[in-house]
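Here's the structure, in structure tokens; my notes come after.
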Amino acid sequence: MENSEFEKSKAYIIVEIIEYVPNSVVIKTVMKKATGNISVMSFDTGEAFMEKMSPYDTFIQIIDGQAEIIIDKQSNVLNTGHSIIVPAHAINTIQANERFKMISTVIKSGYE
């Protein structure tokens, strides 16, 4: 996994490929293409991605723990197995009130 992407045609236990690091957010790129990307992330308790906006829809799936995803000032608490789509151009914040891991998928095509 030295490259920016994971090896193709190889099975992974996605929740095990990223570790929690104290006082940190860790991001690993699973796949990155011109048409979108998939990343796996871990957030330690108290960490956050403060307000941001993307020009693309983003699919977020929680794979461990519990996350608070705030979309246009509306709070959504997601537990393991839950997912949400953050709409393009929505102001959003991702907060770790407790530690969690997630997969983020951004699809860029269709916005031309």
Side-chain angles (χ1 to χ4, degrees):
M1 286 188 250
E2 299 144 5
N3 299 334
S4 63
E5 293 186 18
F6 287 33
E7 183 180 336
K8 295 178 182 176
S9 300
K10 180 179 176 184
Y12 296 94
I13 300 172
I14 201 78
V15 74
E16 293 179 0
I17 61 163
I18 193 160
E19 299 297 326
Y20 290 109
V21 176
N23 306 309
S24 298
V25 174
V26 179
I27 303 170
K28 288 190 178 182
T29 301
V30 175
M31 182 179 293
K32 186 172 185 145
K33 304 290 181 198
T35 55
N37 60 65
I38 302 169
S39 300
V40 62
M41 305 175 190
S42 69
F43 288 69
D44 195 24
T45 303
E47 297 300 313
F49 276 168
M50 297 316 289
E51 282 190 356
K52 65 176 190 144
M53 182 181 67
S54 171
Y56 310 108
D57 290 341
T58 302
F59 177 75
I60 295 174
Q61 179 183 11
I62 306 307
I63 57 173
D64 186 50
Q66 183 183 82
E68 182 178 11
I69 313 294
I70 302 167
I71 303 170
D72 289 333
K73 299 184 182 180
Q74 174 74 37
S75 176
N76 302 275
V77 176
L78 281 68
N79 294 300
T80 302
H82 292 169
S83 58
I84 195 166
I85 297 172
V86 179
H89 307 290
I91 295 173
N92 64 90
T93 304
I94 301 173
Q95 289 186 218
N97 298 324
E98 62 180 64
R99 68 186 196 166
F100 72 92
K101 296 178 182 179
M102 67 179 236
I103 299 171
S104 171
T105 304
V106 177
I107 305 297
K108 296 180 180 177
S109 64
Y111 292 91
E112 299 79 38

Side-chain donor/acceptor pairs under 3.5 Å, residues 75-85, sequence neighbours excluded:
from: S75; atom 1: OG; to: E68; atom 2: OE2; distance (Å): 2.6
from: N76; atom 1: ND2; to: I69; atom 2: O; distance (Å): 3.1
from: N76; atom 1: ND2; to: Q74; atom 2: O; distance (Å): 3.1
from: N79; atom 1: OD1; to: Q66; atom 2: NE2; distance (Å): 2.7
from: T80; atom 1: OG1; to: G65; atom 2: N; distance (Å): 2.9
from: T80; atom 1: OG1; to: G65; atom 2: O; distance (Å): 3.3
from: H82; atom 1: ND1; to: N79; atom 2: N; distance (Å): 3.0

Side chain to side chain, K52 and S54, heavy atoms closer than 4.5 Å: no
Distance-only, no hydrogens or angles: does the K101 side chain make a donor-acceptor pair with backbone N or O of V15 under 3.5 Å? yes
Nearest non-hydrogen partners of M41 and F49, listed with the distance: SD-CE1, 3.8 Å
Looking only at heavy atoms, which two atoms of K32 and N37 are closest? And how far apart? CA-CB, 3.9 Å
First locate atom CD of E98, then atom OG1 of T45, and finally report the distance between them rounded to the nearest 0.5 Å. 7.0 Å
What pair of heavy atoms forms the shortest contact from E19 to E16, and how long is it? OE2-O, 3.6 Å
Do the side chains of I38 and I103 get nearer than 4.5 Å, heavy atoms only? yes
Of all the heavy-atom pairs spanning D57 and A88, show the shortest one and how long it is. OD1-N, 2.8 Å
Hey, quick one: are I27 and I63 part of the same hydrophobic cluster, counting side-chain heavy atoms closer than 4.5 Å, chains of contacts allowed? no
Residues N92, E51; criterion side-chain contact (heavy atoms from CB on, under 4.5 Å); working and verdict: CA-CA 5 Å; N92 64 90; E51 282 190 356; over 6 Å; no
Once you round to the nearest 0.5 Å, how far does NE2 of H89 lie from OH of Y56? 8.5 Å
Please determine whether side-chain contact (heavy atoms from CB on, under 4.5 Å) holds for the pair I14 and V30, giving the CA-CA distance in whole Å, both sets of side-chain angles, and the decisive distance to 0.1 Å. CA-CA 9 Å; I14 201 78; V30 175; 4.2 Å; yes
Look at the aromatic rings of F43 and F100 and report parallel, tilted or perpendicular, splitting at 30° and 60°. parallel
Which residues share a side-chain contact (heavy atoms from CB on, under 4.5 Å) with V26, sequence neighbours left out: I18, V21, S42
Under a 4.5 Å cut-off applied to non-hydrogen side-chain atoms, are I94 and I60 in contact? yes
Are M50 and I70 joined in one hydrophobic group, where the rule is that I, L, V, M, F, W and Y side chains link up if heavy atoms are under 4.5 Å apart? no
Between A67 and I62 the two heavy atoms that sit nearest each other are CB-CD1, 3.6 Å
